[in-house]
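The structure under discussion appears below in the form of structure tokens.
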Amino acid sequence: AVQLVVSGGGSVQAGGSLRLSCSASEYRVSTGCMGWFLHAPGKEREGVAQIYWVADRTDYVDSVKGRFTISQDNAKNTLYLQMNSLKPEDTGIYYCAAPILGTRCADLRPVDLRPTSYAYWGQGTQVTVSS
């Protein structure tokens with residue numbers, strides 16, 4: 001079964017940085033597509049970034065463009081989210097996710113950066129940004 005294990009959350013002051021990691025089992029990040037999602041307090045879970053490494057494609061929600069970078073290490077089968085210039089509104093639980101096996105990642109579009117496009121979820125990690 002696909003397993004995603006998230007690590008790297010924590011508390012930081014506004015303007016600080018954090019890097020999240022998502023280690024995948026039974027899902028090959030080198031040929032697949034993956035995403036990061038944020039569940040902020042009082043809001044619905046929303047997409048933050050997604051990547052399809054084979055096509056060198058990344059998509060970001062507007063609020064994080066220029067501040068967050070999604071990347072992966074294929075040798076470690078691990079997904080990352082580098083978060084810089086953090087703001088209090090970035091606070092929440094971050095999840096990594098992968099689509100159901102067999103998904104055509106080549107068809108992934110920015111509009112697919114939404115929870116319903118993904119099937120496998122990591123356990124989430126808390127990120128708290130204080131002002």
Side-chain angles (χ1 to χ4, degrees):
V2 174
Q3 289 191 333
L4 305 174
V5 179
V6 181
S7 60
S11 297
V12 65
Q13 296 258 343
S17 298
L18 285 172
R19 189 177 79 156
L20 307 183
S21 300
C22 173
S23 178
S25 300
E26 302 299 322
Y27 189 86
R28 190 174 296 177
V29 300
S30 60
T31 56
C33 39
M34 298 188 71
W36 286 99
F37 293 79
L38 165 63
H39 195 173
K43 296 184 178 181
E44 294 186 353
R45 191 177 303 189
E46 65 174 3
V48 173
Q50 63 185 6
I51 185 169
Y52 179 38
W53 183 80
V54 169
D56 193 25
R57 279 187 31 211
T58 56
D59 299 308
Y60 296 90
V61 66
D62 286 346
S63 60
V64 307
K65 286 180 180 177
R67 300 189 298 122
F68 290 11
T69 303
I70 188 171
S71 64
Q72 60 191 66
D73 184 329
N74 294 336
K76 296 182 179 180
N77 210 40
T78 298
L79 179 75
Y80 301 101
L81 185 68
Q82 177 66 43
M83 305 185 293
N84 298 329
S85 302
L86 281 160
K87 303 176 181 180
E89 51 263 44
D90 296 322
T91 293
I93 301 174
Y94 283 77
Y95 299 86
C96 69
I100 195 165
L101 294 176
T103 294
R104 279 180 48 85
C105 291
D107 294 336
L108 199 70
R109 295 292 178 262
V111 70
D112 295 315
L113 182 52
R114 58 192 179 193
T116 52
S117 296
Y118 288 77
Y120 305 107
W121 295 85
Q123 83 282 13
T125 187
Q126 176 70 43
V127 170
T128 303
V129 184
S130 57
S131 57

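Keep in mind the model is a prediction, meaning the values are calculated, not measured. As a basis for the values below, the full set of heavy atoms in this structure was taken, side chains included, without hydrogen atoms, waters or symmetry mates.
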If every non-hydrogen atom of [X] is compared with every non-hydrogen atom of [Y], which pair is closest and at what distance?
X	Y	result
L4	A98	CD1-N, 3.8 Å
P99	Y27	CD-OH, 3.5 Å
M83	L20	CE-CG, 3.7 Å
S131	A14	CA-CB, 4.3 Å
S130	P88	C-CG, 4.5 Å

Sorted by chain and number, sequence neighbours left out, salt bridge (Lys or Arg N to Asp or Glu O under 4.0 Å) with D59 holds for none
| request: Mark yes when over 12 heavy atoms from residues, nucleotides or ligands other than D56 sit less than 6.0 Å from its CG; otherwise mark no. | output: no
Can you confirm whether Q3 is buried at CD, in the sense that more than 12 heavy atoms of other residues, nucleotides or ligands lie under 6.0 Å from that atom? no
Q) Is there a donor-acceptor pair closer than 3.5 Å between any side-chain N or O of N77 and the backbone N or O of V29? A) yes
- Report yes or no: does T91 contribute a side-chain atom to a donor-acceptor pair with the main-chain N or O of V129 at less than 3.5 Å? yes
The side chain to side chain donor-acceptor pair (under 3.5 Å) partners of T58 (sequence neighbours excluded) come to none
Residue set satisfying side chain to side chain donor-acceptor pair (under 3.5 Å) with R28, at least two apart, ordered chain then number -> none
By side-chain contact (heavy atoms from CB on, under 4.5 Å), which residues pair with [X], not counting sequence neighbours?
X	result
V61	S63, V64
A1	none
T69	Y60, Q82

Residues passing the ring-ring contact (aromatic ring centres under 6.0 Å, His included) test with Y120, sequence neighbours excluded, are none
### Query
Would you call R67 and D90 a side-chain contact if the rule is heavy atoms closer than 4.5 Å?
yes
The reported gap from CD1 in I51 to CG in L113 (rounded to nearest 0.5 angstrom) is 12.5 Å
(Q) Starting from I70, can I reach L18 by hopping between I/L/V/M/F/W/Y residues whose side chains sit under 4.5 Å apart? (A) yes
Would a single hydrophobic cluster contain both V2 and I100, if residues Ile, Leu, Val, Met, Phe, Trp and Tyr are joined by side-chain heavy-atom contacts under 4.5 Å? yes
Can you give the donor-acceptor pairs under 3.5 Å from side chains of residues 34-49 to other protein atoms, not counting sequence neighbours?
from, atom 1, to, atom 2, distance (Å)
W36, NE1, Y80, O, 3.1
H39, NE2, K43, O, 2.9

Using a 4.5 Å side-chain heavy-atom cut-off and chaining through intermediate ILVMFWY residues, the residues clustered with V54 come out as Y52, W53
Note: with side-chain heavy atoms under 4.5 Å as the link, the other cluster members for V5 come out as none
When T78, T125, L79 are each screened for side chain to side chain contact (heavy atoms under 4.5 Å, CB included) with S21, the one that passes is T78
Just do the side-chain contact (heavy atoms from CB on, under 4.5 Å) check on L86 and F68 with the steps written out, would you?
CA-CA 9 Å; L86 281 160; F68 290 11; 3.8 Å; yes
Residues 22-64 vs disulfide bond (SG atoms under 2.5 Å apart), sequence neighbours excluded, gives C22-C96, C33-C105
ring-ring contact (aromatic ring centres under 6.0 Å, His included) pairs touching residues 90-113, sequence neighbours excluded, are none
Identify whether the distance between the nearest side-chain nitrogen and carboxylate oxygen of D62 and K65 falls below 4.0 Å.
yes
